[in-house]
Amino acid sequence: MTDYGMVIDLERCIGCNACAVSCSQENNVSLDKQWNRILTEGGDAMDTPEGSYPENGRDGTLSMNHLPLACQHCDNAPCVKVCPVNATYKRDDGIVEIDYDKCMGCRYCMSACPYNARVFNFDEPKTLPTDGTGNVEERKQGVVEKCTFCSHRVEEDLDPACTVACPADARIFGDLDDEESTASRYVEKYETEQLLDELETDPNTYYIRGEMSPGRTRSGNELEGTEKKAVGNPNGVATDGGDGQ
Amino acid sequence: MPMSEQDGVGVSRRSVLLSAGAAAGMLGLGGHSALQSLTRDETDAAVEGLFDETQVLNTACAPNCRGKCPLNVHVRDGQIKFVEPQMTDDERYRRGCLLGQSHVQRVYSPKRLKYPMVRADWEPGAPNPGGRGEDARFEQVSWDDALQYVADEMRRVRSEYGPESVFFHTGSGDNGMGTTLFGRLASMFGGTQQSWSIDSNVGVGFNRITGHGFFLPPTNESADWVNANTIIVWGSDLFKSQFQNDASKVLDAIESGAKLVVVDPVYTTTASKADLWLPIKPGKDTHLALAMIHTVLADGSYDDAFLRERTTAGALVRDDTDEMLRMRDLEGDADDDRVVGIHAETGEPVPLEPDTYAEIELFGEYEVDGIRATTGLSLLEDHVADYSPETVASVADLDPADIKTAARWLATRGPGGIAPSYALGRYKYGHVFGQTYAILLALTGDYGKSGTIHAQHPAGTTLNSGEYGSPDGAPGTQSLSMHEVPAALEDGEPFPIKAIYGMESNMLANQFPNRQRWHDLLENVDMFAMADFHRTPTVQHADIILPAAHWFEREDITDAWGSHPHISHRTKAHEPLWDARDDYHIIAELADKLGYDDLFLDDKRAELRKIASNDDRFDFDELRRKGNVRVEDEAAGIKYTDPFPTDTGRIELYDEDHPVEDDGTVLDLPRPIEDRTATDHDLADEYPLLFMQKHSKWRIHSQWADNAMVRKFNAEPTLDIHPSDARERGIDDGDYVRVYNDRGEVVVRASYNEGMRPGLINIDQGWWTDDYVHGSHQDLTHMEVNDLAPTFAFYDVRADVEPAPETIDTSKYTAPESADWLEGYPNGGDN
Ligand code: SF4
Ligand code: SF4
Ligand code: SF4
């Protein structure tokens, strides 16, 4: 079996929002919605700390961290349980997905999701260009949507857009059922956290906190179990300098 | 593609009616979710990829952030849909930030320029410069007419005033071949080009000691940074700006045990990752570096072998002349200008050769042939006696133990270094910091090794274009530094500037300090043409508007100066929208009209091939195929392995040239000089707050300011202020405030930030004038420059803050329906 999951190293994450933007672009997310949000653990405003500024260089209590948050692809997903029409379901490969044809917009799932991972197309989606962005169709008004782990990419053996976009190598995507996958090895080796684990939702997203893990571009990283994915497009990049357009 | 179809590409204003204010809230970045009432509509199918219909092409982003990121662009139905980092030839350098991945919204920005336009009240011979500015109206003209106006005016100005009175102005907006092509025309015509008065401050000071640096000095390529044991990031939020594309390199260094020290008055994202954060008072950086030198000398932890082999630490300085003792001063050859040290065993004077170990004394006073002299290192040691960690800690508001820890980590943990940003050079006398840390790194021996670091941007690679920029028979150009341009405009000194053609720049009306003054200065110009792809405040200020292609709409070559060792290729993803044109074709047609019909080939690709043929490190066809090619570059890899390009071939700790600054300070050894940051500055009482404008992750200079994806996250300019400074002034979080000083004012929303040092305020740089409800942050800045490394001191600014007057209209952000930053201009090419 396959059980897709993600490891996010919070020690490596620099809160740069590259993944957030890439997600929105690839998934054709409306300009007033966001599936993948980079929360600031700190002050009220984005990228600000909490605590007090040091005096004479010392005794400050400032602290700030970033927490990328999207659908956690829970194994025991409350959203799946409450959906009256089974529009939200857990796929065999671990991805929680929404059948937009079935979704009737009741938004029970939104109240059920403890991670605030879902958004509702209250209005017509707004994108620039208006025909949409990225590599999936736009969802219509009146349905709920959220992170799909870029299932359309994963099916083509590509990493999710956020993972490709991350300049900090903070994200690893892979098969948690495969003990040899890079993702599994990271979960095995590092102290990880599943958010709100007291709710027993059993997310497929694991956060590393405390000790930094090595980046995937580093040569000789003994945790490499999965070959790095190609980037681009399953059909490849034009290699004629665009002459064949 | 016919125009109607182009319009169909769909940048309708209706489509983007998104409230700026609401957007940020709706994202729920604070974790709230706003439930909204339900409406029903028919729905779409489940997730299905569209890859089969999508073509992927190579291109590159290069707005002078230093990333120079090779990217893949996905094109479907003739439209750009998605952008992601391209795999690089050397895989360690795959890169890209949120901005590179938001080009989709740049290409289809409602602020794209569509047609050539001429200001309605401008005509040749009657320029009516008073009509320029925010209220100027424009009329659409043909390309032929627009370029004929430009050519005629250039020729008229050349014959009336001389060729140098035509200013070929470029900024740093695009690291493609544009500047190279433009330089070729400028050279043929004989016009003036600009040299830099921005960012050439710290590097110039560093250069006095090492012979390297103008902009920040060279540093090892970023893939080597993992080998650093101590990284002192000085005045830089490098995880947020300029370096975030290489973040993995610093993180890998940390993961393998390096200490990260951050020197910054602001608690930044980078500071949040640091082992040690030094929350320094602004303007005290030179003091701190001197205290670190003090520590290294007091501890005796300097690298004595390095000092003997590669520096003038042991070279004697004559007590009588304050110049270095030379072999010719002794009974030697009159031409022998080698400097002299005292051999530790024999006590005899010996000449010091570049990069040659000599067993010499590092400290002491000696008498040689009746000449009394002292080693450079002893002079330095005496000099820094005034800058003990304890003394500096009280000046810089730091803890002395932390200063010592930072110095000890650097000195004792093996190769490491200091990565300053350009921020330090945005204080007036930043070059003295450059001088100081160059010396500090010499003491710790951190040059020429794997793991040593000297700046926050590696040298990367530059395309070798040979003589392309100076074709046969070209008279060449004059050069004016940016800070010299005002006198040329106003007083005709050293020559008048009467016509300007600008491209890839938003400097003249938006980014240069003291904005209002530039608007006045520009009134002296008869013709101001701007080529750009979107309607910046500078474009709005021009007489003739030339709509250029976005980078993705043209074939091009980009190199990676200040970045990584690859040359990249740009494929044309589609034709330029509307009536826009590749800068190449604009410049080539202008050249034609100026009578240089053979200067450029009709076929741009053939011209690119011609330029590329000057560089034998890569093949143009291979580049087109692969998208990017790692080139072997002497400049890449480990820096400072050769003799230093100084008189002695060594790092010269003592500067016998005795440079003197405008206030009389002599800089034979580094002496801190402060302008407005000084607590006793004349303006300190009236304007108690120091104002800076840091680089954010949301823009590169003023680029992306009109980008819908970016504005989703960063909707409006704000003033970062410590709550204590705000409360003292009766300002609540989110209030609109007036930031003002003796030059001007700007109104923005206050944003409480506990990480701001009390007494320091910030508005992120790059916002366009139109994004403010009133004024601009560049209305607060001034153009005073130092003598030795004249550069604009963007952060050396004082101001105060008060609640904004009720009369200011803030509706563009507070009234939910309006989203000014997504709307077209009334005459933005729609007419
Ligand atoms: S995070 Fe929320 S939306 Fe995602 S699976 Fe869990 S409960 Fe469902
Ligand atoms: S791209 Fe990576 S570093 Fe940046 S916010 Fe996302 S997870 Fe964090
Ligand atoms: S803005 Fe700079 S760092 Fe970001 S993608 Fe473009 S070149 Fe790279």
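Order of the sequence lines sets the chain letters (A, B, ...), proteins ahead of strands, with each chain counted from 1.
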- Query: Between Thr133(A) (side chain) and Pro129(A) (backbone), is there a donor-acceptor pair under 3.5 Å?
  - Reply: no
- Item | Audit row: Lys697(B), Asp47(A), side chain to side chain contact (heavy atoms under 4.5 Å, CB included) steps and yes/no | CA-CA 11 Å; Lys697(B) 62 187 163 202; Asp47(A) 294 342; 2.6 Å; yes
- Note on the structure: Assert top hit (heavy-atom pairs under 4.5 Å, partner chain B, pool Ala20(A), Gly43(A), Cys16(A)) equals Cys16(A)
- Message: Counting heavy-atom pairs under 4.5 Å with chain B, which one of Glu156(A), Arg118(A), Met64(A) comes out on top?
- Response: Met64(A)
- Item | Side chain, backbone, both or neither of Pro54(A) within contact of chain B (heavy atoms, under 4.5 Å) | side chain
- Leading residue by heavy atom contact count with chain A [cutoff under 4.5 Å; candidates Gly755(B), Gly627(B), Gly100(B)]: Gly755(B)
- Message: With a 4.5 angstrom heavy-atom cut-off, is it the side chain or the backbone of Asp402(B) that approaches chain A, or both, or neither?
- Response: both
- Portion of Arg570(B) that has a non-hydrogen atom of chain A nearer than 4.5 angstrom: neither
- Task: Kindly determine whether Arg153(A) and Glu84(B) satisfy salt bridge (Lys or Arg N to Asp or Glu O under 4.0 Å), including the steps that lead there.
- Result: CA-CA 13 Å; Arg153(A) 293 174 64 98; Glu84(B) 66 183 344; 3.2 Å; yes
- Does any heavy atom of chain A fall under 4.5 Å from the side chain of Asp720(B), the backbone, both, or neither of them? neither
- Item | Glu138(A) versus Thr127(A), closest heavy-atom pair with distance | OE1-OG1, 3.7 Å
- Leu128(A) to Ser109(B) - nearest heavy-atom pair and separation: CD2-CA, 4.5 Å
- Heavy-atom proximity to chain B below 4.5 Å, by part of Cys13(A): backbone
- Name the region of Ala45(A), side chain, backbone, both or neither, that has any atom closer than 4.5 Å to a heavy atom of chain B. side chain
- Query: With chain B, which of Ser151(A), Gly132(A), Ser52(A) has the greatest number of heavy-atom pairs at distances under 4.5 Å?
  - Reply: Gly132(A)
- chain B contacts, top residue of Ala18(A), Gly134(A), Ala168(A) (heavy-atom pairs, under 4.5 Å): Gly134(A)
- Message: Tell me if the CD atom of Glu41(A) is crowded by more than 12 foreign heavy atoms within 6.0 Å.
- Response: yes
- Please report the closest heavy-atom contact between Leu71(B) and Arg95(B), naming both atoms and the distance. CD2-O, 4.2 Å
- Note on the structure: Applying a strict 4.5 Å limit to non-hydrogen atoms, the region of Ser394(B) in contact with chain A is neither
- Message: Counting heavy-atom pairs closer than 4.5 Å to chain B, which one of Leu62(A), Val136(A), Thr48(A) comes out on top?
- Response: Leu62(A)
- Taking the six-membered ring for Trp and the full ring for Phe, Tyr or His, determine whether the centres of Tyr4(A) and His73(A) are under 6.0 Å apart. no
- Message: If I measure from the heavy atoms of chain A, does Leu251(B) come under 4.5 Å with its side chain, its backbone, both, or neither?
- Response: both
- Could you check which of Glu55(A), Arg58(A), His152(A) has the highest count of heavy-atom pairs closer than 4.5 Å to chain B? Arg58(A)
- Message: Do Ser696(B) and Asn714(B) pair up side chain to side chain, a donor and an acceptor below 3.5 Å, judged on atom types alone?
- Response: no
- Task: Identify which one of Arg107(A), Lys33(A), Lys140(A), Arg139(A) satisfies the salt bridge (charged side-chain N to carboxylate O under 4.0 Å, His left out) criterion when paired with Glu145(A).
- Result: Arg139(A)
- Message: Counting heavy-atom pairs closer than 4.5 Å to chain A, which one of Tyr752(B), Tyr93(B), Trp277(B) comes out on top?
- Response: Trp277(B)
- Side chain from CB out, backbone as N, CA, C, O: work out which of these in Ser751(B) comes under 4.5 Å of a heavy atom of chain A, or both, or neither. side chain
- Query: What heavy-atom pair brings Tyr53(A) and Pro265(B) nearest, and what distance separates the two atoms?
  - Reply: OH-O, 2.5 Å
